[in-house]
**Q** 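Sharing a structure below in structure tokens format, with a few things to ask.
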Amino acid sequence: MFGQRLDFNRNRTLASGMPNMADTLNGWETTITLVKVIQNVVEGDLVTDETNITFQGVIQPLRTEQLITKPENMRSWEWLWIHAKASSLNLKTADKIRWNNKLYKVMGVKDYSLNGYVEYEIVRDYQNEQ
């Protein structure tokens, strides 16, 4: 270890020169299908359209440290964290998605596409559940 030169460039496979962190998802990711719920107002009526999105990624509960930063009245809600390779899942804040027959709202998007991945924070959309 001492006296050896470290080659930081060997993991920098992206054109940006940033480390390709998408490789860390290999072996952890599974095939996930979400339903994106798109709502538009057409001639005064609410029109809902649903589109299936299949991607390779990871869905897990939000860490306790992250829940502490949420408003106190929202900490006990069902918060999930999605990790996906960049450009495989293009969601935006406030998008609605359905996963495991539950409706969620995208509350945060962290675009680390320079490093090859994206993160999403989603919360169970209790107000619109039927």
Side-chain angles (χ1 to χ4, degrees):
M1 186 162 136
F2 294 106
Q4 293 181 356
R5 232 174 147 186
L6 297 176
D7 183 9
F8 290 105
N9 289 325
R10 71 173 181 211
N11 291 329
R12 295 178 190 225
T13 58
L14 299 174
S16 66
M18 299 293 290
N20 188 351
M21 300 306 292
D23 291 342
T24 61
L25 293 175
N26 292 341
W28 290 74
E29 58 192 2
T30 61
T31 301
I32 300 169
T33 300
L34 303 175
V35 178
K36 186 174 180 180
V37 180
I38 303 164
Q39 297 178 328
N40 292 306
V41 178
V42 177
E43 296 180 9
D45 294 324
L46 183 64
V47 177
T48 302
D49 189 27
E50 296 186 350
T51 304
N52 285 343
I53 302 172
T54 301
F55 68 101
Q56 294 289 312
V58 178
I59 297 180
Q60 64 189 49
L62 211 57
R63 292 189 324 247
T64 303
E65 295 87 5
Q66 292 170 300
L67 287 175
I68 291 171
T69 65
K70 304 298 178 203
E72 190 171 328
N73 62 333
M74 295 175 68
R75 291 180 190 168
S76 63
W77 293 8
E78 184 180 356
W79 286 86
L80 298 176
W81 202 10
I82 300 175
H83 299 275
K85 291 183 179 173
S87 76
S88 65
L89 181 61
N90 296 310
L91 298 174
K92 295 177 181 65
T93 302
D95 279 351
K96 305 275 179 138
I97 58 173
R98 189 175 311 283
W99 181 66
N100 281 350
N101 295 318
K102 296 177 187 174
L103 190 63
Y104 295 89
K105 183 177 182 178
V106 177
M107 297 297 283
V109 178
K110 293 183 183 171
D111 183 358
Y112 297 108
S113 57
L114 284 177
N115 299 93
Y117 73 103
V118 291
E119 291 180 359
Y120 300 94
E121 288 184 8
I122 63 174
V123 66
R124 179 84 181 272
D125 193 2
Y126 292 102
Q127 297 173 357
N128 291 327
E129 281 298 304
Q130 298 172 359

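Just the heavy atoms: all of them, side chains too, but no hydrogens, waters or symmetry mates, feed the values below. Nothing fancy with the numbering, it's 1 onward along the sequence.
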**Q** Out of curiosity, Leu103 CG to Lys96 NZ, how far, rounded to the nearest 0.5 Å?
**A** 6.0 Å
**Q** Please find the pair of heavy atoms, one from Ile38 and one from Thr51, that lie closest to each other, and give the distance.
**A** CD1-OG1, 4.0 Å
**Q** Can you tell me if Tyr120 uses its side chain to pair, donor with acceptor, with the backbone of Leu89 under 3.5 Å?
**A** yes
**Q** Write down the atom of Glu121, the atom of Trp81, and the distance for their closest heavy-atom approach.
**A** CG-CD1, 4.4 Å
**Q** Assigning hydrophobic clusters by single linkage (Ile, Leu, Val, Met, Phe, Trp, Tyr; side-chain heavy-atom cutoff under 4.5 Å), is Val109 placed with Trp99?
**A**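 Shared cluster, yes.
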**Q** Going only through I, L, V, M, F, W and Y residues with side-chain contacts under 4.5 Å, is there a path from Val106 to Ile32?
**A**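 Per the 4.5 Å side-chain linkage, Val106 and Ile32 are co-clustered.
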**Q** What are the two closest heavy atoms between Ile97 and Lys36, and how far apart are they?
**A** CG2-CA, 4.3 Å
**Q** In this structure, would Leu80 and Ile53 fall into the same cluster of hydrophobic residues linked by side-chain contacts under 4.5 Å?
**A** yes
**Q** Do you know the tightest heavy-atom contact between Lys85 and Val118?
**A** O-CG2, 4.3 Å
**Q** Got a sec, which residues hit side-chain hydrogen bond (donor to acceptor under 3.5 Å, both in side chains) with Thr54, two or more places apart in sequence or on another chain?
**A** Thr33
**Q** Which value, rounded to the nearest 0.5 Å, describes the distance between Asn100 atom CG and Leu34 atom CG?
**A** 9.5 Å
**Q** Using the side-chain hydrogen bond (donor to acceptor under 3.5 Å, both in side chains) criterion, which residues pair with Asp111? Sequence neighbours excluded.
**A**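 Expected list: Ser113.
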**Q** Could you state the interatomic distance from OG1 (Thr30) to CD1 (Ile59), rounded to the nearest 0.5 Å?
**A**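 Taking OG1 in Thr30 and CD1 in Ile59, the distance rounds to 7.5 Å.
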**Q** Quick one: closest heavy-atom pair of Phe55 and His83, and the distance?
**A** CE1-O, 4.5 Å
**Q** Could you list the residues that satisfy salt bridge (charged side-chain N to carboxylate O under 4.0 Å, His left out) with Lys105, not counting sequence neighbours?
**A** none
**Q** Show the numbers, then the answer: is there a side-chain hydrogen bond (donor to acceptor under 3.5 Å, both in side chains) between Gln56 and Thr31?
**A** CA-CA 5 Å; Gln56 294 289 312; Thr31 301; 2.5 Å; yes
